[in-house]
Every structure is written in structure tokens, then in C-alpha cells.
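I have placed the structure first, in the form of C-alpha cells, so that the comments after it can refer back to it.
A, B, ... follow the sequence lines: proteins, then strands. Residue 1 opens every chain. Computed from a prediction, not measured in an experiment: that's the story for all the values here.
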Number of protein chains: 2
Amino acid sequence: MEYPSKLYYSISEVAEITGVKAHVLRYWESEFPTLSPKKTRAGARRYRQKDIQEIEAIKSLLYNQGFKIAGARKQRREARKAEADQPAPAAPQLAMGFDRMDNAERLAHVRRELQEVLGLIQALRLAAPAVAKPKAKKAEG
Amino acid sequence: MEYPSKLYYSISEVAEITGVKAHVLRYWESEFPTLSPKKTRAGARRYRQKDIQEIEAIKSLLYNQGFKIAGARKQRREARKAEADQPAPAAPQLAMGFDRMDNAERLAHVRRELQEVLGLIQALRLAAPAVAKPKAKKAEG
DNA sequence: CGAGTTCAAATCTCGCCGTCCCGACCATCT
DNA sequence: AGATGGTCGGGACGGCGAGATTTGAACTCG
């Protein structure tokens, strides 16, 4: 999903971007405490990218994974809590300082990370199987 | 949940044990391929403990976790498949032949794949965040 | 045989999840 | 100022998914 990058989006822009109709967005807002965009003084919603991600997450729970609203709400609540405990993992660390290592070290490093990542994927796939599979390109050259 | 241990249970016994009404059990049977008790020659259902566990699982998905039937069905299907593939995949492939590589090209290749994989995880986490995280074992060597 | 259990299938109910419609408010353009 | 167009909240409405009930026949067991 690609969309223009800016600070705030109106409800109709978000509807366009996410494919969720505006009135449904308002409805979800009444059902999901995790979705609460800022509002202008006049009351108009101002969505940020964070909110759009939240919407995508909810959408997936409801339409891909087949949760009812109550179940999806619970999932999101817990996901938020988990996020709070454990801030963004792995990715930033990954690049850091990489080109300063010597080759053997790099290899070992990458390898460890890859193992870890595979474990993560395992867990995710078990828990959330309804996902488009990436083509496994064989690195068997 | 405690109940008398025997080989077969009638539908009304199972209804009693699980707290799910008989007609609902029949209904679920029509919705969940993973639930299919044997039948007598006369057509009466004979449930085994395995079936009772399946029912409890479905019940939890529907009533505790808040799945819709379609979602719960998917979960069960996946759970069954996962059960079948006990032997952990992926990791073995990863190790295979890896220690024979040594050139920078390989390294770069792996690294690119890893990046890609991390993107995948990002996407997965957004879509399906309610997941028990694997303990990030910091292999700090 | 008669009481109880089970069956499949049809029909009914109810609540979830939106959907539609409304008058009002606000910002921008002419 | 008036017109246009997006947005607001709220209430009435509706489809359908998930079960509940009913019907009537077949089977089981004493």
C-alpha cells in the first residue's frame, strides 16, 4: 500500500487509502479505543500515519483473520500493550556498524540474526496464517 | 474440564461435558472439517476424546477469542497442519552448506534477503500483532 | 410395543456490523 | 454574501451469520 506522505489526512483520504468507507471509520472509532485520531477545533478528524496503520491492522483482523469486533478489539489492546513493553526490535540494530566488521564476524552476525528472524516468522505464521506468502527465492546459487 | 474417561461419547454426553448444545454440535460439524466424529451404522455420532478437545478448541476460538466461524475454521485448519509438521522447518535449510560460503557476494545476497525478510515481518506484525513473542535470545558472542 | 435418543432439514430469531439519511457546522471560492 | 463541498454526530434501517426451534421419521433398548 503506497500513499502520499504527509502529516495529516482527512477522513475521506483515509477512506481512499485504506479502502474502508468513511462511515465505517467513524463506526470503528466508536468500537476501538486504539483508534482515535486527533480532531480539529471544529471536530474534523485528522489522521496520522500511525492511525492508518492501526486501521490496516483492524481491517486485517476483521476481514482476513475473521475476528468479530470484540475479538479484534482485544487483539489490538494486547498488541498495544506488547508494543509499549518492547519497542521496535531488530531492524535499526541490523544496519548499525555493519560495514566496520571483518568478514567472518559479519557472517556470524548475519547468521545469528537470520536465525532469530526465522524463529520470529515461525511464530507469526503459526499465530496468523492468513498471509500472502513471499516467494522463497533459493539462495542456492 | 473433567469428565468420565471412555472410548465413545454420545452427542448428548458431549453436549453435557462441553456445555455446547447438541444442535450446535451438529451445526459446527457442518462448518468445521476438523470436527468429524465417527458414526454408528445407524448414523448416530460417536465422539472420542480427540473430538471433545477439538470442540473445546473451537469453543474457545468462538467464545473467548472472538473469532467468526470462518476465522475459527481457518485457525483450526492451520493448527492441524502445524501439528502434522512437527519437525521444525527452515532452520535446517539455513545451516545447510552455509559454512562453505565465504565470498562477499554471498554475504551481500544474504544481507539483502534479510532486509526483505525484515520488511515481511514488519508487515506481518502490523497485520497480526497479537502474538506471543519468542524470547529474543541475545546471542551476544 | 413404547419411551427415549438421534437424525436431517426447514424455518425462525436475534444481534452484529455496518448502511443510509439527516440537518448542522465549517472552510474555501467566486 | 452566497454557493459549494467536505465533515460532523445521531438515529433508523437492513443483511446476514450463528444459532434456536420445530418437525417428523428412524433407530435402540428394555
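Taking V24(B) as the reference, V20(B), K21(B), W28(B) meet the side chain to side chain contact (heavy atoms under 4.5 Å, CB included) condition, with sequence neighbours excluded. When the side-chain hydrogen bond (donor to acceptor under 3.5 Å, both in side chains) test is applied to R80(A), the partners found at least two apart in sequence or on another chain are E54(A). In this structure, the side chain to side chain contact (heavy atoms under 4.5 Å, CB included) partners of Q53(B), at least two apart in sequence or on a different chain, are K50(B). Every residue was checked against the salt bridge (Lys or Arg N to Asp or Glu O under 4.0 Å) condition with E16(A), not counting sequence neighbours, and none meets it. For R48(B), the salt bridge (Lys or Arg N to Asp or Glu O under 4.0 Å) test picks out no residue, with sequence neighbours left out. S60(B) pairs by the side chain to side chain contact (heavy atoms under 4.5 Å, CB included) definition with N64(B), Q65(B), not counting sequence neighbours.
In DNA chain C, runs of at least 3 consecutive Watson-Crick or G-U pairs, each pair with both distances below 3.5 Å, span C:1-16 with D:15-30, C:18-21 with D:10-13, C:23-30 with D:1-8.
Rounded to the nearest Å, the gap between the C1' atom of dG15(C) and that of dT19(C) is 16 Å.
Counting only residues at least two apart or on different chains, the salt bridge (charged side-chain N to carboxylate O under 4.0 Å, His left out) pairs with a member in residues 33-47 of chain B are E29(B)-R45(B). Sorted pairs that involve residues 34-54 of chain A and meet ring pair (Phe, Tyr, Trp, His ring centres under 6.0 Å), not counting sequence neighbours, are lacking altogether. Among residues at least two apart or in separate chains, ring pair (Phe, Tyr, Trp, His ring centres under 6.0 Å) pairs with a member in residues 50-84 of chain B are F67(A)-F67(B).
For the pair R26(B)/I11(B), a side-chain contact is recorded, criterion being any heavy-atom separation below 4.5 Å from C-beta on.
The OH atom of Y8(A) sits 16 Å away from the P atom of dA27(C) (whole-angstrom rounding).
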Determine, for nucleotides 6-11 of chain C in 5'-to-3' order, which nucleotides have protein heavy atoms under 4.0 Å from the base (write B), from only the sugar-phosphate (write S), or from neither (write -). SBS---

Please tabulate, one pair per line, each protein N/O and nucleotide N/O from nucleotides 14-19 of chain C that are separated by under 3.5 Å, including the distance.
unit_1  : atom_1 : unit_2 : atom_2 : d
dC17(C) : OP1    : I69(A) : N      : 2.8
dG18(C) : OP1    : Y63(A) : OH     : 2.9
dT19(C) : OP2    : H23(A) : NE2    : 3.2

